[in-house]
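This report refers to the structure that appears directly beneath it.
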Amino acid sequence: RRDMKAYGTENSRCYRSHVAHGERWARSPSRDGQAKSKLGRHALGAAYLALDDLVNAKEHLGQAVKDISDTTPNPLEYRTRTALAEIALRENDLEAANKIVQQSIEINGNYFPTKALLARILVRNKEADKAMTALTPILAETAAITPQVNLTLAEILAVQKDAVRAEKLLTELKGKPGITDEEIGRVAAIVDPKLPAKLGVPEPAAEPPKPGEAPKAPKPPAPRRRGR
């Protein structure tokens, strides 16, 4: 088996190459310069997103959907908006993520990555039945079932209290490309607070506050018992 660390290093080099290529493409002149610039910004933002650089990803993806018109088109607008919704989800802004992903669906309702992202947003909002409805068409296409899709399915099953199937999926997902132990631990804790330890993955950290929401105050320490 390929060492996962080497796999990650190789992927990082690949995405950094995409960043350099996207920068050249976004800045290069052409007869259809506006469209080319939008596509270049999309490619650049997507590469930054793959590197988990959300600040630069949001900047370039935002430019790719800004002031779109017949003279400044973005043929990949639905993909750009899907990527922006992914960023909002990572930032724990479920309301913004849902709003943006719906904009993408209005443009192209048949793009599987958008449907898969919608399912992730819905299940994070504890709307497991709606999430399953969004995910079902993808599960019917074997080639479309990625590790991320299976992780979403595991989370849906966890919320629906199907612990046996959820645990089986999480066990199979360990070591899969693109799936971190932290994400497995987050979903495993929904199944059973003791499951992360059983699977050998980290327990989830406290969920960050939603945008505009004050962080939760830490619990006060338990009072010390005085000796007699």
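All values below were derived from every heavy atom in this structure, side-chain atoms included, with hydrogens, water molecules and symmetry-related copies excluded.
In this structure, OG1 in Thr180 is found 9.0 Å from CZ in Arg186, a value given to the nearest 0.5 Å. Arg79 CZ to Leu61 CG: the interatomic distance, rounded to the nearest 0.5 Å, is 13.0 Å. Atoms CD1 and CD, from Ile184 and Glu172 in turn, are 11.0 Å apart once rounded to the nearest 0.5 Å. Once rounded to the nearest 0.5 Å, the distance linking CG of Leu44 with NE2 of His42 reads 10.5 Å.
Among all heavy-atom pairs drawn from Gly185 and Pro204, the shortest one is O-CD, 3.7 Å. Ala116 approaches Ile138 most closely through the heavy-atom pair N-CD1, 3.5 Å. In this structure, Ile156 and Ala128 approach most closely via the heavy-atom pair CG2-O, 3.8 Å. Summarising the geometry of Asn125 relative to Leu94, their closest heavy-atom pair is OD1-CD1, 3.8 Å, with the distance given to 0.1 Å. Ala166 approaches Val191 most closely through the heavy-atom pair CB-CG2, 3.8 Å. The shortest heavy-atom contact between Ala85 and Leu117 is CB-CD2, 3.6 Å.
Tracing side-chain contacts under 4.5 Å through hydrophobic residues (I, L, V, M, F, W, Y), one never reaches Val101 starting from Leu54; they form parts of separate clusters. Cluster annotation: Leu157 and Leu195 are assigned to distinct hydrophobic clusters (Ile/Leu/Val/Met/Phe/Trp/Tyr, side-chain heavy-atom contacts under 4.5 Å, transitive). Hydrophobic clustering keeps Ile107 apart from Ile87 (ILVMFWY residues linked when any side-chain heavy atoms are closer than 4.5 Å, directly or through intermediates). Under the 4.5 Å side-chain contact rule for hydrophobic residues, Ile100 and Leu76 do not share a cluster. There is a path of hydrophobic side-chain contacts, each under 4.5 Å, that joins Met132 to Phe112.
Taking the six-membered ring where the residue is Trp, Tyr78 and Tyr111 present perpendicular rings, their angle passing 60° and hence far from 30°.
Using a 4.5 Å cut-off on side-chain heavy atoms (C-beta onward), Asp53 and Val55 make contact. Residues Lys126 and Ile190 meet the side-chain proximity criterion, which asks for heavy atoms closer than 4.5 Å. In this structure, the side chains of Ile121 and Glu127 stay at 4.5 Å or more apart for every pair of heavy atoms. In this structure, the side chains of Leu170 and Glu167 stay at 4.5 Å or more apart for every pair of heavy atoms. Proximity of Leu118 to Asn98: side-chain heavy atoms (C-beta onward) are separated by under 4.5 Å at one or more points. A 4.5 Å side-chain heavy-atom check between Gln103 and Leu84 finds every atom pair outside the cut-off. Annotation: side chain of Arg124 is in contact with side chain of Leu89 (closest heavy-atom distance under 4.5 Å).
Each side chain to side chain donor-acceptor pair (under 3.5 Å) pair with one or both residues in residues 156-166, not counting sequence neighbours, appears once here: Asp129-Gln160, Asp162-Arg165. Sorted by first and then second residue, the pairs that involve residues 105-120 and meet salt bridge (charged side-chain N to carboxylate O under 4.0 Å, His left out), not counting sequence neighbours, are Glu86-Arg120.
For the pair Lys174 (side chain) and Leu199 (backbone), a donor-acceptor distance under 3.5 Å is present. A donor-acceptor pair is defined here as one N or O able to donate and one able to accept, closer than 3.5 Å; such a pair exists between the side chain of Asn108 and the backbone of Asn110.
Remark: Gln102 CD is packed, more than 12 non-hydrogen atoms of other residues, nucleotides or ligands lying under 6.0 Å away.
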Donor-acceptor pairs under 3.5 angstrom involving side-chain atoms of residues 141-153: please list them, not counting sequence neighbours.
from, atom 1, to, atom 2, distance (Å)
Thr146, OG1, Gln148, N, 3.4
Thr146, OG1, Val149, N, 3.2
Thr152, OG1, Gln148, O, 3.0

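Between Lys99 and Glu95, none of the side-chain N atoms (NZ, or NE/NH1/NH2) sits under 4.0 Å from a carboxylate O, so this pair counts as no salt bridge. Taking the charged nitrogens against the carboxylate oxygens, Lys198 and Asp192 have no contact shorter than 4.0 Å, which rules out a salt bridge.
Counting only N and O atoms by type, the side chains of Thr72 and Ser69 include a donor and acceptor under 3.5 Å apart. Thr80 and Asn74 share a side-chain donor-acceptor pair at under 3.5 Å.
In summary, of the residues considered (Lys58, Lys38, Arg41), a side-chain hydrogen bond (donor to acceptor under 3.5 Å, both in side chains) with Gln63 occurs for Arg41 alone.
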